[in-house]
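Reviewing the structure listed below.
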Amino acid sequence: ACTENACVGTMPGMCVATTLDDDDDGHGDPGCSSVGGVPADDCDETRPTVYPGAPELCNGRDDDCNATCDDGFACCRGATGSCTTSCGTTGNRICSSVCSWGICAPPAETCNGIDDDCNGACDDAFACCQGSSGTCITSCGSMGSRACSGSCGWGSCTNPPEICSGVDDDCDGLV
């Protein structure tokens, strides 16, 4: 199963055995022993362009059998990798058909108090930016304050302190 045998003449004993080389690239099946001058070091017996020392191409394969895909290029065609976005978050990029990295795509927005998707707005897919505060209208119509929770939702409206204004600022029913 590991050799290709051929007769080289008509006399008995005139047979030659070489390591099985299914793709005929001069490098045989690595599961076999080297026989008849054919090394058993091929990493892909289905492709005649893949063997130790073959030129490396940008094709998403290890052409030269050194266990590295598209070595000599910036990246392995079709691979993905993490990257730092323009706003400092961890994004994702894809290796192109010419073995160069594509643009760094920002991640989806999450509730974390920062601008994940690099659009200039913090936690914009949520009601508010985690840890921020804002104004609100109290039950008696005065201007109160509220805080954004850890789950990016507004907390209850807090009444302001009473001031000398001629209105019920703190909503206690007294002017």
Side-chain angles (χ1 to χ4, degrees), residues 23 25 27 30-31 41-175:
D23 60 6
D25 60 6
H27 296 268
D41 59 358
D42 203 336
C43 61
D44 187 344
E45 274 298 303
T46 64
R47 290 183 165 84
T49 58
V50 176
Y51 54 88
E56 191 68 54
L57 306 172
C58 173
N59 57 11
R61 288 193 293 269
D62 174 20
D63 299 304
D64 59 6
C65 295
N66 69 352
T68 304
C69 173
D70 298 339
D71 51 314
F73 295 92
C75 52
C76 180
R77 183 178 180 173
T80 59
S82 63
C83 52
T84 302
T85 64
S86 60
C87 62
T89 58
T90 300
N92 195 30
R93 60 187 176 172
I94 299 174
C95 187
S96 73
S97 62
V98 294
C99 291
S100 63
W101 286 113
I103 61 166
C104 187
E109 192 70 53
T110 60
C111 175
N112 58 7
I114 63 172
D115 176 19
D116 298 298
D117 60 5
C118 302
N119 69 353
C122 169
D123 298 339
D124 56 305
F126 300 90
C128 54
C129 181
Q130 186 183 65
S132 67
S133 60
T135 59
C136 55
I137 304 296
T138 64
S139 60
C140 63
S142 63
M143 189 63 69
S145 62
R146 59 186 177 171
C148 187
S149 71
S151 59
C152 292
W154 286 114
S156 60
C157 190
T158 303
N159 298 329
E162 188 68 53
I163 58 172
C164 182
S165 60
V167 295
D168 181 13
D169 298 298
D170 62 3
C171 301
D172 67 356
L174 302 171
V175 177

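Rounding to the nearest 0.5 Å gives a distance of 13.0 Å between CZ of Phe73 and OG1 of Thr68. For the atom pair OG (Ser82) and CZ (Arg93), the distance works out to 7.0 Å, reported to the nearest 0.5 Å. From Glu109, atom CD reaches atom CD1 of Ile114 across 8.0 Å, with rounding to the nearest 0.5 Å. From Asp42, atom CG reaches atom NE2 of His27 across 7.0 Å, with rounding to the nearest 0.5 Å. For the atom pair CG of Asn92 and OG1 of Thr80, the computed distance is 5.0 Å after rounding to the nearest 0.5 Å. The SG atom of Cys69 lies 10.0 Å from the CZ atom of Arg77; values are rounded to the nearest 0.5 Å.
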Trp101/Cys95 under side chain to side chain contact (heavy atoms under 4.5 Å, CB included): CA gap, chis, key distance, verdict: CA-CA 5 Å; Trp101 286 113; Cys95 187; 4.1 Å; yes
Step-by-step side chain to side chain contact (heavy atoms under 4.5 Å, CB included) determination, Cys65 to Asp41: CA-CA 8 Å; Cys65 295; Asp41 59 358; over 6 Å; no
From CA spacing to verdict: side chain to side chain contact (heavy atoms under 4.5 Å, CB included), Thr84, Cys104: CA-CA 7 Å; Thr84 302; Cys104 187; 5.8 Å; no
Trace of the disulfide (SG to SG under 2.5 Å) decision for Cys58 with Cys99: CA-CA 6 Å; Cys58 173; Cys99 291; 2.0 Å; yes
Stepwise side chain to side chain contact (heavy atoms under 4.5 Å, CB included) test for Asp25 and Thr49: CA-CA 7 Å; Asp25 60 6; Thr49 58; over 6 Å; no
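Sulfur-to-sulfur, Cys128 and Cys152 sit at least 2.5 Å apart at their SG atoms. Cys pair Cys171 and Cys140 passes the test of SG atoms under 2.5 Å apart. Between Cys129 and Cys148, the sulfur-to-sulfur (SG-SG) separation does not fall under 2.5 Å.
Remark: the backbone N or O of Pro160 is not paired with any side-chain donor or acceptor of Asp169 at under 3.5 angstrom. Not one N or O on the side chain of Asp117 forms a donor-acceptor pair closer than 3.5 Å with the backbone of Pro106. Asp64 contributes no side-chain N or O that, together with a main-chain N or O of Glu56, makes up a donor-acceptor pair within less than 3.5 Å. In terms of modelled atom types and a separation under 3.5 Å, the side chain of Asp123 and the main chain of Ala127 share no donor-acceptor contact.
By the 4.5 Å heavy-atom criterion applied to side chains, Met143 and Ile137 are counted as neighbours. Between Cys118 and Ser86 the shortest side-chain heavy-atom distance falls below 4.5 Å. Asp23 places none of its side-chain heavy atoms less than 4.5 Å from the side chain of Thr46. Using a 4.5 Å cut-off on side-chain heavy atoms (C-beta onward), Asp168 and Ser142 make no contact.
Closest of all the heavy-atom pairs between Asn66 and Asp71 is ND2-OD2, 2.8 Å. Here the shortest heavy-atom pairing between Gly120 and Asp115 reads N-OD2, 2.7 Å. The shortest non-hydrogen separation linking Pro161 to Asp170 is C-CB, 4.4 Å. Shown here for Asp63 and Ala54, the closest heavy-atom pair between the two residues is O-CB, 3.4 Å.
Checked by atom type, the side-chain pair Asp116/Thr110 shows a donor-acceptor distance below 3.5 Å.
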